[in-house]
Visitor: 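My questions all concern the structure below.
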Amino acid sequence: MLVKDEKRVIKSFDFMAQTPRDVSYYADASGTSGVDQILIPGMLNGLKKAHSEYGEEQWSKLMETASSVTDDYTVTSSLREALNNFAVNDRTDDFRELFLAPDGTIPQALSNAPMKNLLDKLALQEDESFLDVESSLITSEVPHLTEEDLVNYEVYVEAAPKIQFKDFEIFSSNGPSSGPALLSTLGILFATNDLETGDDLSLQETLHVLLESLKFSSAQQSYVGEGSGDDTSMDAEQVQSAMLNATYADDLSGLIPSDEVFDSESAEGYAEQCLPSDLLKSVDPSLTATPFDVGGVGVVVMNDLGDMAVIVTSLNQPFGSKILSQDGFFYNNFAAAFQEESSTNAIEANKRPASSMAPVLAFQPDNLCQPQVATASSGSVASVAAGAQVMHAILYSNMDIEGASMRGRVFATSVVNQPDSHLPDEAYEYNSTISDAVVSGLEGWGHHFQKEMPLDIVSIARKKNDDVTGSSDARVTSDNSGAYSF
């Protein structure tokens, strides 16, 4: 979560799920669901921490408002799809009672009495965090998480990383989220002059640079991890600093050919050039990390004073571990987000996995009459591409937020994962506003397309002078017409 306050200070709140002190339990874990994929949950602790620093409304009133929503909430199209995809064998009696009608169908609206009771209980405990209130329940339902693990969980509050574009300062979250990758992608895009004047060719050029930028930034991100060792942590800080460096963004921009991909044979070229050579020499190239979380929720809040909060949260996958607490919430499956032992994203004690989540906000600190913009995408592998394209359209091309959120977007479905990996040449676009001519032109430059229909949601809020406007683009269509994956 990013927060901009009345003093124009931007803070990053990290309340990602975290491993316990003893991770030997996970050694024999398999699959992506079940109790053995659950890490310490942190979301409500993070919200409580942010409220303690910035909140003006009483905590009890906030919980009461949230509680009222559980009485009757609409089943959205994305929730309906997720419920339909919930494996029949995983549907417990409690699941059926909370999410299905007596005849087994999905109703138009739902209620969650256990969640309501939990929120009402939290409303009465203003001085305690979620993990304090729920500790006995969590340790009984997830035995490998101890009271000590819950007590020692910490919400990290740090200065948010940023880049500069003209008079704008653009902020995102720290690693191991994908915030640095989003900022790096934007930095390379902004360093490439004369992009996009409105016709098909200029859009083709912009999307070409975007896709090449994503390959470089994903290679960079593979070196950003939360290691327990001092050397790994130091390297991660150095990598993030290089990713935010305008001079190096300009260097990478200069490597991108105008009418072909940088490396048509493999991913090795991107990995070898993604960071300054002296830094690459100090980091084992086998230490790679690619976030695989596939969905979440993004929320943007802004008032007429320009105060902002941008939140992206996830269980890692829809319904997480598929373990439903007796208090009506699902536990995460973020243990499945860790990777092999040689990775910076390898599982370790008291560690948070790499994530694709990347909230972003931008404003001119010396001219608050100019646009202030905040975006949040749905916390999926498309987040970096979606956030970069929307912010580039608003800040570089001066588009309004509705136009920026509704126009076609492209995404990389595979990234530079290892120096010897296959060429990361796939991405997808699922809006017919990108013409066949642009797609054909990009294919001629070495990009490859397939039709796909991924889920991606981008929420945007923008303030200019005293006007605050918002837009949310759910990208839900009845068919795949005009949809491309490349």
Side-chain angles (χ1 to χ4, degrees), residues 1-5 9-19 39-40 42-43 45-47 49-50 53-54 153-164 169-187 217-246 248-249 274-275 279 283 287-291 293 296 298 308-314 316 334 337-338 343-345 348 350-362 374-377 379 383-384 387-388 391:
M1 177 171 66
L2 298 176
V3 177
K4 171 181 172 287
D5 62 18
V9 174
I10 314 296
K11 290 184 180 179
S12 172
F13 286 72
D14 177 354
F15 42 84
M16 281 284 295
Q18 177 179 295
T19 57
L39 303 185
I40 302 168
M43 178 186 171
N45 276 50
L47 295 180
K49 176 70 173 178
E53 294 199 16
Y54 295 107
Y153 179 86
E154 181 181 356
V155 178
Y156 300 149
V157 183
E158 302 174 289
K162 68 177 180 178
I163 62 170
Q164 192 90 15
E169 292 183 345
I170 307 168
F171 298 82
S172 191
S173 49
N174 285 289
S177 81
S178 289
L182 191 154
L183 293 178
S184 177
T185 303
L186 276 175
S217 65
S218 66
Q220 293 171 331
Q221 186 72 14
S222 70
Y223 295 100
V224 177
E226 188 187 69
S228 61
D230 292 340
D231 291 343
T232 305
S233 301
M234 179 180 65
D235 288 336
E237 291 179 6
Q238 293 174 338
V239 168
Q240 181 164 306
S241 177
M243 293 172 73
L244 305 179
N245 186 288
Y248 202 69
C274 70
L275 293 167
L279 183 56
V283 183
L287 297 179
T288 59
T290 301
D293 42 324
M308 300 183 238
V310 193
I311 307 169
V312 183
T313 186
S314 173
N316 186 47
F334 265 111
F338 288 109
S343 168
T344 52
N345 195 34
E348 297 175 7
N350 303 317
K351 181 175 178 179
R352 302 175 191 195
S355 162
S356 66
M357 292 184 281
V360 59
L361 61 83
T375 72
S377 55
S383 295
V384 170
M391 293 301 285

Visitor: Are any non-hydrogen side-chain atoms of Q18 and L39 less than 4.5 angstrom apart?
Guide: no
Visitor: Which atom names give the shortest non-hydrogen contact between S172 and A160, and what distance separates them?
Guide: O-CB, 3.5 Å
Visitor: So does F15 get a backbone contact from the side chain of Y153, meaning a donor-acceptor N/O pair under 3.5 Å?
Guide: yes
Visitor: Around atom NZ of K49, are there more than 12 heavy atoms of other residues, nucleotides or ligands at under 6.0 Å?
Guide: no
Visitor: Identify the two heavy atoms, one from I40 and one from T19, that lie closest to each other, and give their separation to 0.1 Å.
Guide: CD1-O, 3.8 Å
Visitor: Verify side-chain contact (heavy atoms from CB on, under 4.5 Å) between I311 and M1, making sure each step is shown before the conclusion.
Guide: CA-CA 4 Å; I311 307 169; M1 177 171 66; 3.3 Å; yes
Visitor: Would you give the length of the straight line joining atom CG of L183 to atom CD of Q164, rounded to the nearest 0.5 angstrom?
Guide: 12.0 Å
Visitor: Looking only at atom types and distance, does a side-chain atom of D14 sit under 3.5 Å from a main-chain N or O of E154, one as donor and one as acceptor?
Guide: no
Visitor: Please report the shortest heavy-atom distance between A354 and N345, naming the atom on each side.
Guide: N-OD1, 2.8 Å
Visitor: Between S177 and Q221, what is the shortest heavy-atom contact and its length?
Guide: O-NE2, 2.6 Å
Visitor: So, taking the atom named OG in S356 and the one named CG in N316, what distance separates them when rounded to the nearest 0.5 Å?
Guide: 8.5 Å
Visitor: Minimum heavy-atom separation for L2 to P359, with atom names?
Guide: CD1-O, 3.6 Å
Visitor: Do any N or O atoms from the side chain of S241 and from the backbone of E237 form a donor-acceptor pair under 3.5 angstrom?
Guide: no
Visitor: So, the side chain of S12 versus the backbone of E158: is there a donor-acceptor pair under 3.5 Å, distance only?
Guide: no
Visitor: Given side-chain contact (heavy atoms from CB on, under 4.5 Å), test L186 with M391 step by step and report yes or no.
Guide: CA-CA 8 Å; L186 276 175; M391 293 301 285; 4.1 Å; yes
Visitor: From T375 OG1 over to L361 CG, what is the distance, rounded to the nearest 0.5 angstrom?
Guide: 8.5 Å
Visitor: Can you name the nearest heavy-atom pair linking Q220 to L275, along with the distance?
Guide: CG-CD2, 3.9 Å
Visitor: Evaluate side-chain contact (heavy atoms from CB on, under 4.5 Å) for F171 paired with M308, printing each intermediate quantity in order.
Guide: CA-CA 12 Å; F171 298 82; M308 300 183 238; over 6 Å; no
Visitor: Please check this pair: side chain of Q240 against backbone of G175, looking for a donor-acceptor N/O pair closer than 3.5 Å.
Guide: yes
Visitor: At what distance, to the nearest 0.5 angstrom, does CD1 of I170 lie from CG of L244?
Guide: 11.5 Å
Visitor: Working note: F338 + K351, criterion side-chain contact (heavy atoms from CB on, under 4.5 Å); need CA distance, chi angles, decisive distance, verdict.
Guide: CA-CA 10 Å; F338 288 109; K351 181 175 178 179; 4.1 Å; yes
